[in-house]
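Each remark here refers to the structure printed beneath this line.
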There are 2 protein chains.
Amino acid sequence: METKIIPDIIVGRMPLYLRALQRMIEEGRRVTSSQELGERLGISAAQIRKDLSQFGEFGKQGTGYSIDYLAGQISQILKVDRVWEIIVVGAGDIGSAVARYQGFTNRGFRVTMLFDNDPTKIGQQVGNFTVLDSKDLEEAIQKAGIQVAMIATPSPEAQAVADLLVKAGIRAILNYAPTSLNVPEGVQLQYIDPVVHLQRMTYYL
Amino acid sequence: METKIIPDIIVGRMPLYLRALQRMIEEGRRVTSSQELGERLGISAAQIRKDLSQFGEFGKQGTGYSIDYLAGQISQILKVDRVWEIIVVGAGDIGSAVARYQGFTNRGFRVTMLFDNDPTKIGQQVGNFTVLDSKDLEEAIQKAGIQVAMIATPSPEAQAVADLLVKAGIRAILNYAPTSLNVPEGVQLQYIDPVVHLQRMTYYL
DNA sequence: TAGATTGTTAATCGATTAACAATC
DNA sequence: TAGATTGTTAATCGATTAACAATC
């Protein structure tokens, strides 16, 4: 029953707060302040307090935030207090690396299947995965009730794959293909294209 | 001699415009409009015109933009009308995938060296690269005059690697380790962390 | 010419920051 | 209590949108 609408730009910062807090937990820390978090992240303390206050009152005047507690609260807010199963489409270099990536553990995600449409790849072993045939994508998604997918195909195929994923019931797509996609309202879409980041930096060199 | 300061948020959209234009070139298109670009990218036409007008007048009333010409202009603006050599630090799954990635070609970048500090990896072949010893990082960067680097090490090592890179003269870092880094003023820093994108989406599920 | 689309201005909208009372 | 830090309000700042004259 989402009543208050939180600006997307704030939602987008919450994972950064969570990541910093989890780092602090690893370091054995117990409490932090908006100021310290801000320094680590390069964000103003006022903004962090304002962002967090959108979701509740998590701190104590005079002492700051319990790291464990705040991390737990943000995990709930972002719905990563559970494990989302992900499928990966495209078993090339990127798809294979993503499928093997250890960094999803404990952050709310687990890759469960890896697909490709290349007959020479289907059946091959990639880490713990046997590459599955893309033609079985829809059935597999529906059978397992998967909601999150990553696209790691060549650009020209990405839109068709996205269409298929949406049709199969996928509700969130992370696209590694360097191309813009169109998905229906209500389907979440995010992009990872290293060149976009690199070009943004070379402007300043 | 940069005189007018362009908001960073606008600089950040320019690579997206360039990517869409290069896609149109592949499709054999010759001209486009702010409206068409906007539809592809999910950005308003007014914003695209406003963004582009920060850098010059690239269009023609009544007809729109020559795709070739505009792509060329944006390439110059972003300084990707040349090829930047990149080094990759960390030859695990991500670093290896990034080093082999074909998508840098024609977009202004080329990976030239791949480093690791793990003796079992040093000397191994990864695609066209022989994994080099991280202890030679500084010398190699300076000798080749490299300015752009990617970090693909485990999180705990990332800050130390960043410090070393900066010391060696690197001016732009793309960090794949899921941790915030601190670099001196004037050194460009961007992040890629798939989990941040995924968590931003699960909020809405 | 008529239609289309730019570049730009002014208006609107939204995000960030500064400041401080509340309170641990 | 004194010091520290939150959550929140009001002020500032910046980004987006709407509208349109200019002009191809």
Side-chain angles (χ1 to χ4, degrees), chain A residues 3-18 20-21 24 29-74 77 180 200 203-204, chain B residues 3-18 20-21 24 29-74 77 180 200 203-204:
Chain A
T3 141
K4 184 182 182 187
I5 288 157
I6 311 284
D8 183 60
I9 196 161
I10 294 181
V11 174
R13 280 192 293 262
M14 300 305 287
L16 303 178
Y17 300 159
L18 180 56
L21 290 164
M24 289 177 179
R29 305 279 314 288
R30 308 309 292 252
V31 295
T32 187
S33 64
S34 57
Q35 173 163 11
E36 187 191 35
L37 265 174
E39 277 166 13
R40 291 214 181 191
L41 294 168
I43 292 176
S44 79
Q47 180 162 84
I48 290 176
R49 293 200 302 279
K50 189 114 205 280
D51 285 356
L52 295 176
S53 75
Q54 303 290 313
F55 299 98
E57 306 192 355
F58 305 121
K60 277 204 183 55
Q61 284 104 322
T63 59
Y65 302 91
S66 155
I67 294 172
D68 254 327
Y69 176 73
L70 184 56
Q73 291 294 303
I74 297 179
I77 289 164
S180 293
R200 182 177 191 156
Y203 171 80
Y204 295 100
Chain B
T3 140
K4 181 184 182 188
I5 289 157
I6 312 282
D8 183 60
I9 197 161
I10 293 181
V11 174
R13 281 191 292 260
M14 300 305 286
L16 303 178
Y17 300 159
L18 180 55
L21 291 164
M24 289 176 180
R29 304 279 314 286
R30 307 310 291 249
V31 295
T32 186
S33 64
S34 58
Q35 173 164 11
E36 186 192 34
L37 266 174
E39 278 165 12
R40 290 213 183 192
L41 294 168
I43 292 176
S44 80
Q47 181 162 83
I48 289 176
R49 292 201 302 279
K50 189 116 205 281
D51 285 355
L52 295 175
S53 75
Q54 303 290 312
F55 299 98
E57 306 191 355
F58 305 122
K60 277 203 180 58
Q61 286 103 324
T63 59
Y65 302 91
S66 155
I67 293 171
D68 254 327
Y69 176 73
L70 184 56
Q73 291 295 303
I74 296 179
I77 290 165
S180 293
R200 182 177 191 157
Y203 171 79
Y204 295 101

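Please read these numbers as outputs of a predicted model, since none were measured by experiment. Numbers restart at 1 for each chain; the letters A, B, ... are given by sequence-line order, proteins then strands.
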* **Paired nucleotide for dC13(D) [Watson-Crick or G-U wobble; both distances under 3.5 Å]** =>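 dG14(C) - that is the nucleotide pairing with dC13(D), both distances being under 3.5 Å.
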
* Asked: Is there a Watson-Crick or G-U wobble partner for dC20(C) with both distances under 3.5 Å, and which nucleotide is it?
  ->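 Across all strands, the one nucleotide that pairs with dC20(C) is dG7(D).
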
What's the [atom1]-[atom2] distance between [X] and [N], to the nearest Å?
X        : N       : atom1 : atom2 : result
Arg49(B) : dA18(D) : CZ    : P     : 11 Å
Lys60(B) : dA22(D) : NZ    : C1'   : 15 Å
Ile48(B) : dT16(D) : CD1   : P     : 12 Å
Asp8(A)  : dT16(D) : CG    : P     : 13 Å
Gln73(B) : dG7(C)  : CD    : P     : 12 Å
Gln47(B) : dG14(C) : CD    : P     : 14 Å
Leu70(B) : dG7(C)  : CG    : P     : 9 Å
Phe55(B) : dG7(C)  : CZ    : C1'   : 15 Å

From the set [options], return the single nucleotide nearest to any side-chain atom of [X].
X        : options                   : answer
Arg13(A) : dT16(C), dT8(D), dG7(C)   : dT16(C)
Glu57(A) : dT17(C), dG7(C), dG7(D)   : dG7(D)
Ala46(A) : dA18(C), dA19(D), dT9(C)  : dA18(C)
Ile9(B)  : dA19(D), dT16(D), dT17(C) : dT16(D)
Ser33(A) : dT16(C), dT6(D), dT5(C)   : dT6(D)
Ser34(A) : dT16(D), dT16(C), dT6(D)  : dT6(D)

* Please figure out whether Ile10(A) or Leu52(B) has its closest DNA chain C nucleotide nearer the 5' end. =>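 Its nearest nucleotide lies further toward 5', so the answer is Leu52(B).
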
* Asked: DNA chain C: Ser44(A) or Gln61(A), which has the more 5' nearest nucleotide?
  ->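 Looking at DNA chain C, the more 5' nearest nucleotide goes with Ser44(A).
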
* To do: To the nearest 0.5 angstrom, please state how far the CZ atom of Arg13(A) sits from the CD1 atom of Ile74(A).
  =>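 One finds 12.0 Å between CZ of Arg13(A) and CD1 of Ile74(A).
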
* For Leu52(B) and Leu70(B), run side chain to side chain contact (heavy atoms under 4.5 Å, CB included): C-alpha distance rounded to whole Å, both residues' side-chain angles, the deciding distance at 0.1 Å, then the answer. => CA-CA 9 Å; Leu52(B) 295 175; Leu70(B) 184 56; 4.0 Å; yes

* Asked: Does a side-chain N or O from Tyr65(B) land closer than 4.0 Å to OP1 or OP2 of dG7(C), or not?
  ->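 Affirmative; the distance criterion is met.
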
* To do: Using a cut-off of 6.0 Å, state whether more than 12 heavy atoms not belonging to Arg29(B) lie near its atom CZ.
  =>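 Counting other residues, nucleotides and ligands, CZ of Arg29(B) exceeds 12 neighbours.
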
* Does CD belonging to Gln47(A) count more than 12 external heavy atoms closer than 6.0 Å? ->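 Yes, the 6.0 Å shell around CD holds more than 12 heavy atoms from other groups.
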
* Asked: Would you say the side chain of Tyr65(A) lies within less than 4.5 Å of the side chain of Leu21(A), judging by non-hydrogen atoms?
  ->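 No, their side chains stay 4.5 Å or more apart.
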
